[in-house]
Amino acid sequence: MSDDILVETQDGWRQLTLNRPDKLNAVNEAMLTHLLRAIDEAEADAGCRALLLTGAGRGFCAGQELGPSLTPGPNGPPDLETLAGTYHHEVVRRLRDSRLPVVCAVNGVAAGAGASFALACDVVLAARGAKFVQAFVKIGLVPDSGASFFLTRTIGEARARALALLGDAVSAEQAEQWGMIWKAVDDGALMSEATALTARLAQGPAESHAMIKQMFAAAATNDLSAQLDLEAALQGKAGRTEDYAEGVRAFQEKRPPRFGQRATT
Ligand code: T3D
């Protein structure tokens with residue numbers, strides 16, 4: 001594994017750290033390829049039950065690296081459709097489609113696609129010193145990597161449109177108040193809170209987690225009737241898991257449950 005993505009395996013979970021701190025962890029094609037591989041490897045590891053995504057240094061991720069390959073040259077403009085579709089958007093799909101609950105610890109600025117990567121995660125904690133910037137418009141681009149999807153659903157269309165058009169920064173506290181993220185935490189407490197939360201998820205019912213992710217993904221487009229059908233079907237499936245049997249046993253025996261089965265959904 002290259003050193004632009006650091007992978008640390010903990011007890012039942014993995015931490016992926018974006019690691020180009022001198023560029024505020026701006027991503028390029030190689031780094032995104034490594035990130036995709038790291039997510040796939042975590043997914044394939046039966047012992048991995050949760051993921052934590054964070055950034056090294058003072059930034060979380062400054063979006064796409066604005067280097068020579070992104071600069072229009074003698075051969076015309078860069079092919080941003082292919083770049084977005086092949087790399088950035090695959091990261092978002094992998095995070096959303098993963099069976100694993102993904103915690104994001106936003107340790108500093110999250111700009112452009114970097115903000116979208118954070119919002120694609122399931123539980124987002126941000127250090128109070130962090131901020132979210134819809135940087136696209138400042139360089140004549142449009143939101144991508146799911147920004148228009150996530151923002152309209154989390155903070156509403158009025159705020160989403162203004163942020164996309166203006167590119168203004170949103171502080172971690174504002175993001176929490178608006179419902180963009182789960183929680184803003186003191187800078188010094190970010191990683192301890194994030195690792196505790198990830199470890200807690202890793203102890204949870206893995207199949208239930210995978211189905212909860214599937215359910216919320218479908219809720220974005222289903223009508224109520226279709227969603228009720230899906231909830232019934234997934235509840236049926238959940239009711240057949242060993243984790244459910246263990247959960248009920250533990251309740252009746254007045255002890256904490258010991259979940260342990262790998263998610264297969
Ligand atoms: O096909 C596609 O999908 C195309 C891509 C679309 C997705 C996108 O992400 S588009 C948006 C790309 N990102 C940006 O436009 C953000 C650019 N960066 C900034 O606006 C600012 O750096 C920040 C607001 C993020 C942070 O500002 P600040 O003042 O805290 O830090 P800084 O001094 O600007 O940056 C520190 C260093 O990081 C600096 O390098 P230096 O001068 O110390 O050597 C800066 O150049 C570098 N850096 C920051 N962002 C990027 C970057 N280098 C390359 N690419 C970057 N995106």
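Computed from heavy atoms alone, side chains included, the values below leave out hydrogens, waters and symmetry copies. Along the sequence shown, residues carry numbers from 1. Just follow the structure's listing: the first ligand is 1, and inside any ligand the first atom is 1.
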**Request:** Report the C-alpha separation of Glu246 and Arg255 in whole Å, then their side-chain angles, then the decisive distance to 0.1 Å, and conclude whether the salt bridge (charged side-chain N to carboxylate O under 4.0 Å, His left out) test is met.
**Result:** CA-CA 11 Å; Glu246 164 62 8; Arg255 61 169 174 81; 2.8 Å; yes

**Request:** Show your reasoning for whether salt bridge (charged side-chain N to carboxylate O under 4.0 Å, His left out) applies to Glu173 and Lys131.
**Result:** CA-CA 9 Å; Glu173 287 189 1; Lys131 57 185 177 179; over 6 Å; no

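For the pair Phe136 and ligand 1, the shortest N or O to N or O distance does not fall below 3.5 Å. In terms of polar-atom proximity, Ala111 is not counted as a contact of ligand 1, lacking any N or O under 3.5 Å from an N or O of the ligand. Between Gln64 and ligand 1, at least one N/O pair is under 3.5 Å apart. Residue-to-ligand polar distances place Asp144 within reach of ligand 1: an N/O pair is separated by less than 3.5 Å. Residue Glu65 has no N or O atom closer than 3.5 Å to an N or O atom of ligand 1. Looking at Leu83 next to ligand 1, no N or O pair under 3.5 Å apart turns up. Every N/O-N/O distance between Gly63 and ligand 1 stays at or above 3.5 Å.
Atom 1 (O) of ligand 1 is flagged as protein-proximal [any protein heavy atom, distance under 4.0 Å]. Note that atom 15 (O) of ligand 1 has protein non-hydrogen atoms nearby, at separations under 4.0 angstrom. Distances from atom 35 (O) of ligand 1 to the protein include at least one heavy-atom value under 4.0 Å. Counting only heavy atoms, the protein gets under 4.0 Å from atom 53 (N) of ligand 1. Note that atom 44 (O) of ligand 1 has no protein non-hydrogen atoms nearby, at separations under 4.0 angstrom. For atom 38 (O) of ligand 1, the protein comes within 4.0 Å by at least one heavy atom. Distance screen at 4.0 Å: atom 12 (C) of ligand 1 has a protein heavy-atom neighbour inside the cut-off. At a distance under 4.0 Å, a protein heavy atom can be found next to atom 50 (N) of ligand 1.
Atom CD of Glu253 is surrounded by more than 12 heavy atoms from other residues, nucleotides or ligands within 6.0 Å. Residue-environment remark: CH2 (Trp182) stays at or below the threshold of 12 foreign heavy atoms within 6.0 Å. Applying the 6.0 Å contact sphere to CD of Glu231 captures more than 12 heavy atoms from other residues, nucleotides or ligands.
Counting heavy atoms only, Ala113 comes closest to atom 9 (O) of ligand 1 of the residues Pro21, Ala113, Gly140, Gly167.
For the side chain to side chain contact (heavy atoms under 4.5 Å, CB included) with Pro21, the qualifying choice from Leu18, Leu24, Thr17, Asn25 is Asn25, the only one to do so. Among Lys213, Arg99, Arg96, the one residue that satisfies the salt bridge (charged side-chain N to carboxylate O under 4.0 Å, His left out) test with Asp122 is Lys213.
Looking only at protein heavy atoms, the nearest one to atom 55 (N) of ligand 1 is Leu66 N, 2.9 Å. Nearest non-hydrogen protein atom to atom 24 (C) of ligand 1 is Val109 CG2, 4.3 Å. Shortest contact from atom 18 (N) of ligand 1 to any protein heavy atom: Ala62 CB, 4.6 Å. Of all protein heavy atoms, the one closest to atom 56 (C) of ligand 1 is Ala26 CB, 3.6 Å. Given atom 21 (C) of ligand 1, the protein heavy atom at minimum distance is Leu24 CD1, 4.8 Å. In this structure, the protein non-hydrogen atom closest to atom 47 (C) of ligand 1 is Lys23 CA, 4.0 Å. Residue, atom and distance of the protein heavy atom nearest to atom 40 (O) of ligand 1 are Asp22 O, 4.0 Å.
For the pair Ala238 and Tyr244, the tightest heavy-atom approach, listed with the atom from each and the gap, is O-CB, 3.3 Å. Taking each heavy atom of Ile181 and Ala126 in turn, the nearest pair found is CD1-CB, 3.7 Å. Nearest approach of Thr86 to Glu90, heavy atoms of both residues: O-CG, 3.4 Å. Smallest separation of non-hydrogen atoms from Leu201 and Ala50: CB-CB, 4.2 Å. Pairing each heavy atom of Phe117 with each of Cys61, the nearest pair is CD1-SG, 4.5 Å.
Looking at His89, its side chain does come within 3.5 Å of a backbone N or O of Ser145 through a donor-acceptor pair.
Near Leu80, the atoms of ligand 1 lying under 4.0 angstrom from a non-hydrogen atom of the residue are 1 (O), 2 (C), 4 (C). The ligand atoms of ligand 1 that sit less than 4.0 angstrom from a heavy atom of Ala135 are 14 (C), 15 (O), 16 (C).
Under 4.0 Å from ligand 1, heavy atoms of Ala84 appear from its side chain as well as its backbone. With a heavy-atom cut-off of 4.0 Å, Arg58 touches ligand 1 through its side chain alone. Contacts between His88 and ligand 1, counted as non-hydrogen atom pairs separated by less than 4.0 Å, involve the side chain only.
A side-chain N or O of Ser98 and one of Glu43 form a donor-acceptor pair less than 3.5 Å apart.
With a 6.0 Å cutoff to the six-membered ring centre and a 45° limit on the axis angle, Arg153 counts as a cation-pi contact of Phe149.
With contacts defined as side-chain heavy-atom distances shorter than 4.5 Å, the pair Arg94/Asp40 qualifies.
Under a 4.0 angstrom heavy-atom cut-off, Val133 registers as lying outside contact with ligand 1. Using a 4.0 Å heavy-atom cutoff, Val27 is absent from the residues neighbouring ligand 1.
The OH atom of Tyr87 sits 8.5 Å away from the CG atom of Leu32 when rounded to the nearest 0.5 Å.
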